[in-house]
Amino acid sequence: MRNKIFVTRIIPDAGLKLLREQFDVDVWQEFLPPNREALLSRVQGAVGLLSLLSDRIDTEVMDAAGPQLRGIANFAVGFNNIDVAAAIARGIAVGNTPDVLTDATADTAVGLVIAAVRHFQSSILQVRNLQWKTWEPIGQLGHDLNGKTLGIVGMGRIGAAVARKLVGGWGMKVVYTSRSPKPEIDKEFSATRVSLEQLLSQSDVISLHTDLNEQTKHMISHREFAIMKPNAVIVNTARGGVVDQDALYSALKSKVIFAAGLDVTDPEPLPADSPLRELDNCTILPHIGSATFEARDRMAVMAAQNLIAASTGKSIPFPVR
Ligand code: NAP
């Protein structure tokens with residue numbers, strides 16, 4: 001009998017094909033993620049679990065799976081949905097899919113920067129709602145990007161890719177934060193590593209790229225918005241929890257900052273009564289950062305490779321770090 005893998009959603013065939021060559025693969029077929037009860041029931045007996053960022057993978061899930069569980073492969077680079085310490089303590093390998101979605105996600109961030117700085121959200125609605133009456137000499141004015149300052153919060157893979165695009169395309173100057181110094185980044189972009197306060201007060205465009213961890217939860221709140229420039233735009237393609245959404249709403253509503261572009265919110269999806277949905281100066285996407293055919297195929301292959309290695313007790317090629 002072949003070992004069982006549980007896959008919590010339909011992922012691209014590129015990954016499923018690899019898994020089906022070796023395992024008995026149980027794929028959750030619904031459009032929405034499995035609820036808790038279904039997750040706990042379907043994971044039983046699996047040697048490998050292929051999870052999504054919408055699945056909370058904690059000790060209860062590991063217990064429900066059983067002692068034969070060898071690997072958890074997240075179909076994402078972020079892994080804040082998994083209790084990694086508990087998994088490692090039980091000898092369960094945990095993998096993710098870094099690098100292959102970096103450019104796709106960075107492109108989404110750049111798109112949101114332009115949408116935010118040039119009023120795309122309200123302009124699209126103007127056309128759709130038949131409110132486009134004439135060419136306006138002083139209406140819908142945004143800001144140039146050329147030569148302005150870009151603040152990257154969390155200069156990792158995606159942060160650096162965003163900097164590369166905005167420096168190469170728009171000649172932006174770069175300041176950034178990270179936990180460790182990045183001499184190669186300083187050299188590549190003539191960039192300066194600064195404190196978060198310095199970054200927020202100097203930047204015209206602020207782009208968030210940290211993982212969600214204890215230090216970054218609500219890292220951007222009332223105090224942080226208050227020190228931003230009035231023309232500042234903030235873009236979040238990291239995780240919704242990095243931003244205090246009530247503080248964001250106040251800052252946008254009272255024009256403390258110019259605009260925001262969000263690919264991620266807290267919670268997801270954004271509730272129907274969230275006031276952020278009503279703001280003209282807030283562009284919101286439904287977490288499509290890595291949603292390209294190419295990136296998702298590569299992510300599926302990496303997740304499958306992680307489970308193939310984990311199931312035979314080998315070190316996995318893409319462990320979370
Ligand atoms: P990464 O290379 O690990 O980059 C994360 C960066 O955050 C690192 O440079 C790290 O600094 C920095 N950081 C962490 N905590 C910090 C703190 N307290 N203060 C300042 N900097 C901090 O990860 P990545 O591949 O770029 O991905 C980043 C995040 O993007 C993921 O964790 C995920 O949540 C999100 N993401 C979203 C989408 C989407 O669809 N919207 C797609 C992919 C990823 P050090 O380098 O000094 O450790």
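The shortest side-chain heavy-atom distance between L50 and F75 falls under the 4.5 Å cut-off. Side-chain contact between I220 and M228 is present, with at least one heavy-atom pair separated by less than 4.5 Å. No side-chain heavy atom of V153 sits under 4.5 Å from any side-chain heavy atom of V242. With contacts defined as side-chain heavy-atom distances shorter than 4.5 Å, the pair R277/P271 does not qualify. At a threshold of 4.5 Å between non-hydrogen side-chain atoms, the residues F23 and V47 count as touching. Residues L262 and L276 meet the side-chain proximity criterion, which asks for heavy atoms closer than 4.5 Å. The shortest side-chain heavy-atom distance between L270 and Q245 falls under the 4.5 Å cut-off. A 4.5 Å side-chain heavy-atom check between L145 and I114 finds at least one atom pair inside the cut-off.
For the 3.5 Å distance criterion, the side chains of S54 and E268 fail to qualify, holding no donor opposite an acceptor. In this model, a donor atom of one side chain and an acceptor atom of the other lie less than 3.5 Å apart for T8 and D55. Of the N and O atoms on the side chains of D244 and S221, at least one donor lies less than 3.5 Å from an acceptor on the other residue. Residues S123 and Q140 have side chains that bring a donor and an acceptor to within less than 3.5 angstrom of each other. Between the side chains of N231 and D204, a donor-acceptor pair is found at a separation under 3.5 Å.
One hydrophobic cluster, built from ILVMFWY side chains closer than 4.5 Å, holds both V117 and L285. Hydrophobic clustering of Ile, Leu, Val, Met, Phe, Trp and Tyr side chains at less than 4.5 Å, counting indirect connections, unites F225 with L279. Hydrophobic clustering, with ILVMFWY side chains joined whenever heavy atoms are under 4.5 angstrom apart, keeps L199 apart from V167. Linking Ile, Leu, Val, Met, Phe, Trp and Tyr residues whenever their side-chain heavy atoms come within less than 4.5 Å places V175 and L200 in a single cluster. One hydrophobic cluster holds both V301 and M299 under the rule that ILVMFWY side chains link at heavy-atom gaps under 4.5 Å.
Residue L40 is found in a hydrophobic cluster whose other members, listed by chain and number, are F6, W28, L39, V43, L49, I57, V61, M62, L69, I72, F79, I82, V84, I88, I92, V94, V320; membership requires side-chain heavy atoms under 4.5 Å apart, directly or through intermediates. Side-chain contacts under 4.5 Å among hydrophobic residues (ILVMFWY), followed directly or transitively, place M1 with no other residue at all.
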key: side-chain contact (heavy atoms from CB on, under 4.5 Å) assessment of I10 paired with Q29   = CA-CA 6 Å; I10 300 173; Q29 297 290 329; 3.4 Å; yes
request  = Would you check, one step at a time, whether the test side-chain contact (heavy atoms from CB on, under 4.5 Å) holds for S290 with R296?
outcome  = CA-CA 7 Å; S290 67; R296 292 285 166 84; 3.0 Å; yes
query = Passes side-chain contact (heavy atoms from CB on, under 4.5 Å), L53 versus R239? Steps please.
reply = CA-CA 10 Å; L53 50 88; R239 283 287 180 267; 3.8 Å; yes
task = Report the C-alpha distance between N80 and D211 in whole Å, list the side-chain angles of each, state the deciding distance to 0.1 Å, and finish with yes or no for side-chain contact (heavy atoms from CB on, under 4.5 Å).
result = CA-CA 8 Å; N80 51 290; D211 44 295; over 6 Å; no
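H218 pairs by the ring pair (Phe, Tyr, Trp, His ring centres under 6.0 Å) definition with nothing, not counting sequence neighbours. Shown here are the salt bridge (Lys or Arg N to Asp or Glu O under 4.0 Å) partners of D107, two or more places apart in sequence or in another chain: K165. For T216, the side chain to side chain donor-acceptor pair (under 3.5 Å) test picks out N213, with sequence neighbours left out. With sequence neighbours excluded, the residues satisfying salt bridge (Lys or Arg N to Asp or Glu O under 4.0 Å) with K17 are E21. Listed by chain and residue number, nothing satisfies the side chain to side chain donor-acceptor pair (under 3.5 Å) test with S254 (two or more places apart in sequence, or in another chain). With sequence neighbours left out, D24 forms a side chain to side chain donor-acceptor pair (under 3.5 Å) with no residue at all.
Listed by first and then second residue, the ring pair (Phe, Tyr, Trp, His ring centres under 6.0 Å) pairs involving residues 260-281 amount to none (not counting sequence neighbours). For residues 119-162, the pairs satisfying ring pair (Phe, Tyr, Trp, His ring centres under 6.0 Å) are H119-F258, H143-F258, with sequence neighbours left out. For residues 121-138, no pair satisfies salt bridge (Lys or Arg N to Asp or Glu O under 4.0 Å), with sequence neighbours left out. Listed by first then second residue, pairs satisfying ring pair (Phe, Tyr, Trp, His ring centres under 6.0 Å) with a partner in residues 151-185 number zero, not counting sequence neighbours.
In terms of heavy atoms, L19 sits closest to I308 at CD2-CG1, 4.5 Å. Here the closest heavy-atom approach between residue K173 and residue G147 is recorded as NZ-O, 2.7 Å. Across A109 and V162, no two heavy atoms sit closer than the pair CB-CG2, 3.8 Å. For A309 against I316, the heavy-atom pair with the smallest separation is CB-CA, 3.9 Å. Scanning both residues, N96 and A76, for their nearest heavy atoms gives CB-O, 3.1 Å. For L248 against A260, the heavy-atom pair with the smallest separation is CD1-CB, 4.0 Å.
The existence of a salt bridge linking R90 and D83 is excluded, since no basic side-chain nitrogen approaches an acidic carboxylate oxygen closer than 4.0 Å. Here R36 pairs with D58 in a salt bridge; the nearest charged N to carboxylate O distance falls below 4.0 Å.
No side-chain donor-acceptor contact under 3.5 Å links N306 to the backbone of A310.
No more than 12 heavy atoms of other residues, nucleotides or ligands sit less than 6.0 Å from atom CZ of R321. Within 6.0 Å of CG in D144 there are 12 or fewer heavy atoms belonging to other residues, nucleotides or ligands. For CD of E37, the number of neighbouring non-hydrogen atoms (other residues, nucleotides, ligands) closer than 6.0 Å is 12 at most. Heavy-atom neighbours of R118 CZ from other residues, nucleotides or ligands within 6.0 Å: at or below the threshold of 12.
In this structure, R20 CZ and D13 CG are separated by 7.0 Å, a value rounded to the nearest 0.5 Å.
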